[in-house]
Amino acid sequence: MVRVRMRLPLVAAAVVAGAVAAGSAQPGSSAPAWLDAYREPASRLVGAALGDTAAWTRLAELTDTFGHRLAGSKALDDAIAWAIAGMTRDGLENVRGEQVMVPHWVRGREAAELVAPVRHPLVMLGLGNSVGTPPDGIEAEAVVVRSFEELDARGTALKGKIVVYNVPWTGYGPTVQYRSSGASRAAAHGAVGMLLRSVGQPGLRTPHTGALTYAPDQPKIPAAAIANEDADRLQRLQDRGLTLVVRLTMEARMLPDAESANVVGEIVGRERPEEIVVLGCHLDSWDVGTGATDDGGGCIASWEAVRLMKTLGLRPRRTVRAVLFTNEENGLRGGLAYRDRHSAELANHVLMIETDGGVFRPLGFGFSGNDSARASVKAIASLLAGIGASRIGASGGGADIGPSVQAGKVPSMSLDVDGSLYFTLHHTEADTVDKIDPTDIARCVAALAVMGYVVADLPMRLGQ
């Protein structure tokens with residue numbers, strides 16, 4: 001698929017990018033006067049980020065050592081301890097784990113099989129938070145539908161059946177609703193199970209897991225994702241007038257909540273330490289693959305951005321805080337716990353940036369905030385033109401920072417990248433570190449470091 005390239009023009013690229021950042025001022029340009037003071041530190045940060053493969057190497061260590069890291073698992077606990085120890089060795093300040101109680105869902109053994117009109121195993125992954133089947137599984141007629149409208153039109157004819165949603169990928173927003181609420185919508189018509197065409201781009205018969213949400217007023221039925229190819233095969237068989245019978249077996253179960261933690265490490269501001277810029281991501285992942293793209297890479301990039309400031313002796317006016325959130329995937333408990341623990345200081349959060357779209361080639365940032373703040377971040381982003389990351393989009397944020405952003409009315413950003421591969425890997429066994437280019441993650445580190453540092457060091461507070 002995508003290969004790892006330890007490209008040695010990393011150092012040469014750093015020199016070029018640094019020169020571009022330092023020399024990007026043009027006579028008669030509309031850049032604000034304060035920007036000139038940041039050209040040299042921005043150049044240093046970009047050069048340091050692109051000067052080696054430290055970010056990719058650290059991501060490989062995380063994913064090779066601990067693998068996937070679902071909330072409640074020993075792997076996540078061990079990764080949290082590793083991150084705390086690593087941040088401490090790096091000399092970050094106030095390094096700590098902030099306790100969070102998280103849901104503990106266990107997949108167990110699982111299988112799906114087409115029993116009639118022919119026997120054929122289906123490639124599947126149970127959906128996160130799903131209930132299991134009885135020990136002997138369930139075997140029932142399966143009915144394929146292409147939409148909620150078709151589901152509702154069949155009505156009571158679905159009683160006792162397994163509903164198969166074969167909804168083509170049209171983007172995450174339009175399609176993920178079938179994963180989130182499809183089981184309860186099917187249960188409302190008496191269905192006993194649900195299979196879902198995977199929410200993601202086709203990927204060589206690779207199913208995508210992800211969380212579902214049960215409606216409180218409907219029975220909980222077992223639910224799983226199947227590969228796109230298998231969903232299409234079931235559709236073709238049904239379209240030929242054949243009756244489908246599927247057998248589904250899942251040991252999935254929810255255990256009592258488990259203790260976890262958000263990992264925090266800082267560079268304390270030299271003048272206004274109470275004002276905070278957050279670089280956020282989530283350390284947990286689904287229990288497939290190794291969570292390299294979603295979201296180990298985002299955590300390493302955020303951590304590395306702060307480490308570079310420390311290494312280069314760049315202590316900004318305000319505090320820069322890296323937060324590796326727990327339990328984004330199947331509960332959002334980490335983001336909620338951060339909001340509650342830090343509620344008294346949210347008014348002093350100057351900016352929160354989330355990286356949870358992969359660490360592919362960065363294009364810039366999405367931004368949500370007032371016009372004055374937008375003008376400032378657009379100026380700062382111009383320092384990233386040399387690495388092609390100067391774009392500022394219409395809106396930005398993320399699931400982990402969302403609760404705090406909303407409660408504190410905090411300006412927010414998301415790192416925007418070339419996401420053409422993201423939803424091929426998303427929540428699959430294929431989410432491994434070899435899909436990430438060392439130069440791309442280095443560029444992501446550079447973009448986060450420059451944006452985070454300059455916002456934290458501005459003579460005026462962002463947006464004022």
Side-chain angles (χ1 to χ4, degrees), residues 107 110-130 133 137-154 157-158 160-187 189 191-213 221-250 252 286 288-289 421-431:
R107 178 179 302 278
E110 57 186 16
E113 181 185 19
L114 177 65
V115 176
V118 293
R119 299 193 78 92
H120 181 75
L122 302 174
V123 182
M124 60 85 78
L125 281 174
L127 293 182
N129 300 339
S130 176
T133 64
I138 57 174
E139 186 172 307
E141 181 180 340
V143 178
V144 184
V145 299
R146 288 188 175 274
S147 65
F148 284 139
E149 290 74 20
E150 185 176 349
L151 175 87
D152 294 338
R154 290 179 178 265
L158 297 173
K161 308 292 199 309
I162 294 174
V163 167
V164 181
Y165 291 103
N166 186 28
V167 182
W169 169 260
T170 55
Y172 194 64
T175 314
V176 73
Q177 61 181 320
Y178 289 89
R179 190 190 77 202
S180 300
S181 61
S184 291
R185 293 282 294 266
H189 295 295
V192 296
M194 184 269 268
L195 296 177
L196 171 76
R197 179 192 180 103
S198 285
V199 178
Q201 294 166 329
L204 299 179
R205 208 170 174 219
T206 304
H208 300 238
T209 190
L212 61 75
T213 302
I221 61 174
I226 58 175
N228 291 295
E229 296 89 336
D230 287 357
D232 284 339
R233 183 183 187 188
L234 295 177
Q235 182 78 62
R236 291 192 300 271
L237 290 169
Q238 179 174 281
D239 290 348
R240 294 180 192 130
L242 300 173
T243 298
L244 310 178
V245 178
V246 166
R247 182 174 184 79
L248 178 64
T249 305
M250 295 173 60
W286 279 109
V288 291
L421 188 61
Y422 183 74
F423 284 110
T424 302
L425 305 173
H426 185 247
H427 298 178
T428 74
E429 292 283 9
D431 184 2

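When reading the values below, keep in mind they use all heavy atoms of this one structure, side chains included, and skip hydrogens, waters and symmetry mates. The shown structure was predicted, so the numbers you read here are calculated from the model rather than taken from an experiment.
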So, does [X] use its side chain to make a donor-acceptor pair with the main chain of [Y] at under 3.5 Å?
| X | Y | result |
| --- | --- | --- |
| Tyr165 | Ser147 | no |
| Ser180 | Val176 | yes |
| Ser198 | Ile226 | yes |
| Asp230 | Val123 | yes |
| Glu429 | Gly289 | yes |
| Thr175 | Tyr172 | no |
| Glu229 | Arg205 | yes |

Worksheet entry | Verdict with supporting geometry, Leu114 and Leu237, side chain to side chain contact (heavy atoms under 4.5 Å, CB included) | CA-CA 11 Å; Leu114 177 65; Leu237 290 169; 3.7 Å; yes
When you compare the side chain of [Y] with that of [X], does any pair of heavy atoms fall below 4.5 Å?
| X | Y | result |
| --- | --- | --- |
| Ile162 | Val192 | yes |
| Thr213 | Ser181 | no |
| Pro168 | Arg146 | yes |
| His427 | Arg179 | yes |
| Val145 | Arg154 | yes |
| Leu158 | Val143 | yes |

Worksheet item: So among Leu125, Thr428, Val199, which one has a side-chain contact (heavy atoms from CB on, under 4.5 Å) with Thr209?
Response: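 Single pass found, and it is Leu125.
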Discussion item. So, applying side-chain contact (heavy atoms from CB on, under 4.5 Å) with Asn166, which one of Gln238, Gln235, Arg236, Glu150 is it?
Written reply: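 Running side-chain contact (heavy atoms from CB on, under 4.5 Å) over Gln238, Gln235, Arg236, Glu150 with Asn166 returns exactly one hit, Gln235.
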So which atom in [X] and which in [Y] form the shortest heavy-atom distance, rounded to 0.1 Å?
| X | Y | value |
| --- | --- | --- |
| Thr206 | Ala227 | N-CB, 4.2 Å |
| Leu196 | Leu127 | CD2-CD1, 4.2 Å |
| Leu425 | Ala430 | CD2-O, 3.6 Å |
| Met250 | Ala223 | CE-O, 3.4 Å |
| Val167 | Arg197 | O-CD, 3.3 Å |
| Ile221 | Ala186 | CD1-CB, 4.3 Å |

Worksheet entry | His208-Phe423 aromatic ring centre distance below 6.0 Å |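 Ring-ring flag for His208/Phe423: false, centres at least 6.0 Å apart.
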Worksheet entry | Geometric cation-pi criterion Arg185 and Phe148, 6.0 Å radius, 45° cone |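 Arg185 over Phe148 ring: yes.
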Practice prompt. Test side chain to side chain contact (heavy atoms under 4.5 Å, CB included) on Asp431 and Val288 and set out the steps.
Written response: CA-CA 8 Å; Asp431 184 2; Val288 291; over 6 Å; no
Fill in: Distance, nearest 0.5 Å, that separates NE2 of His120 from CD of Glu113
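One gets 9.5 Å once the value is rounded to the nearest 0.5 Å.
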Discussion item. Please determine whether side chain to side chain contact (heavy atoms under 4.5 Å, CB included) holds for the pair Val163 and Leu195, giving the CA-CA distance in whole Å, both sets of side-chain angles, and the decisive distance to 0.1 Å.
Written reply: CA-CA 6 Å; Val163 167; Leu195 296 177; over 6 Å; no
Could you give the side-chain donor-acceptor pairs of residues 242-249 under 3.5 Å, partners two or more places apart or in another chain?
{"unit_1": "Arg247", "atom_1": "NH1", "unit_2": "Glu139", "atom_2": "OE1", "d": "3.4"}
{"unit_1": "Arg247", "atom_1": "NH2", "unit_2": "Asp136", "atom_2": "O", "d": "2.3"}

